[in-house]
**Student:** 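Got a structure here, written out as structure tokens. Questions coming.
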Amino acid sequence: MIALRLEMITPAQCRAARALLDWNQNELAEKADIGVSTLRDFEISKRVPVKNNLRAIRAALEAAGIVFLEDGQTAIGSGVSRRHPADDGLRPDQLDAENDG
């Protein structure tokens, strides 16, 4: 198993994040500007990408609204979640004639 470092992610977190976003490997690889084979090999724990590629994967997922949960933040260890909609601006119940746009 690949060890988790603070700024890094696990293969399972990567797969789960893609699933939450409904992205395939090609989409994530493109958004992270890495090779599809790099992502595929990482997700099956075949090899660990260089730090810059791993950071690019995480950054692309975070930019799309993924939040990474480290050990201790969940009952079962590390994981992922979608950013709470309230973090993205106004909630529907806050809209009115002036700010609905």
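Basis for what follows: all heavy atoms, side chains included, without hydrogens, waters or symmetry-related copies.
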**Student:** Apply the test side-chain contact (heavy atoms from CB on, under 4.5 Å) to residues Phe68 and Thr10: give CA-CA distance (whole Å), side-chain angles for both, the deciding distance (0.1 Å), then the verdict.
**Tutor:** CA-CA 10 Å; Phe68 289 91; Thr10 66; over 6 Å; no
**Student:** For Trp23 and Ala60, which heavy atoms make the closest approach, and how far apart are they?
**Tutor:** CH2-O, 4.0 Å
**Student:** Just how far is it from atom CD1 of Ile44 to atom CZ of Arg15, taken to the nearest 0.5 Å?
**Tutor:** 9.5 Å
**Student:** Can you name the closest pair of heavy atoms from Pro11 and Ser45 and give their distance?
**Tutor:** CG-OG, 3.5 Å
**Student:** Before accepting this row, confirm whether a basic side-chain N of the pair Arg18/Glu43 lies closer than 4.0 Å to the acidic partner's carboxylate O.
**Tutor:** yes
**Student:** I'd like to check the side-chain hydrogen bond (donor to acceptor under 3.5 Å, both in side chains) partners of Glu62; sequence neighbours left out, ordered by chain and number.
**Tutor:** Arg58
**Student:** Examine Val50 and Val48 and state if one hydrophobic cluster contains both, with Ile, Leu, Val, Met, Phe, Trp and Tyr joined whenever side-chain heavy atoms are less than 4.5 Å apart.
**Tutor:** no
**Student:** Within the side chain of Glu30, is there an N or O that forms a donor-acceptor pair under 3.5 Å with the backbone of Glu27?
**Tutor:** no
**Student:** Between atom NZ of Lys46 and atom OG of Ser37, what is the distance when rounded to the nearest 0.5 Å?
**Tutor:** 9.0 Å
**Student:** Show the nearest heavy-atom pair for residues Cys14 and Leu39, with the distance to one decimal.
**Tutor:** SG-CD1, 3.7 Å
**Student:** Rounded to the nearest 0.5 Å, what separation is found between the CD1 atom of Ile66 and the CG atom of Leu20?
**Tutor:** 4.5 Å
**Student:** Can you tell me how far the CD atom of Gln13 sits from the CE atom of Met8, to the nearest 0.5 Å?
**Tutor:** 12.0 Å
**Student:** So how far is it from Lys31 NZ to Ile57 CD1, rounded to the nearest 0.5 Å?
**Tutor:** 14.5 Å
**Student:** Within the supplied structure, the quantity of interest is the number of heavy atoms (other residues, nucleotides, ligands) at a distance under 6.0 Å from Asn24 CG; does it exceed 12?
**Tutor:** yes
**Student:** Identify the heavy atoms of Ile34 and Ala56 that sit nearest to each other, and give their distance.
**Tutor:** CG2-CB, 4.4 Å
**Student:** When rounded to the nearest 0.5 angstrom, what distance separates CG in Asp33 from CG in Leu28?
**Tutor:** 11.5 Å
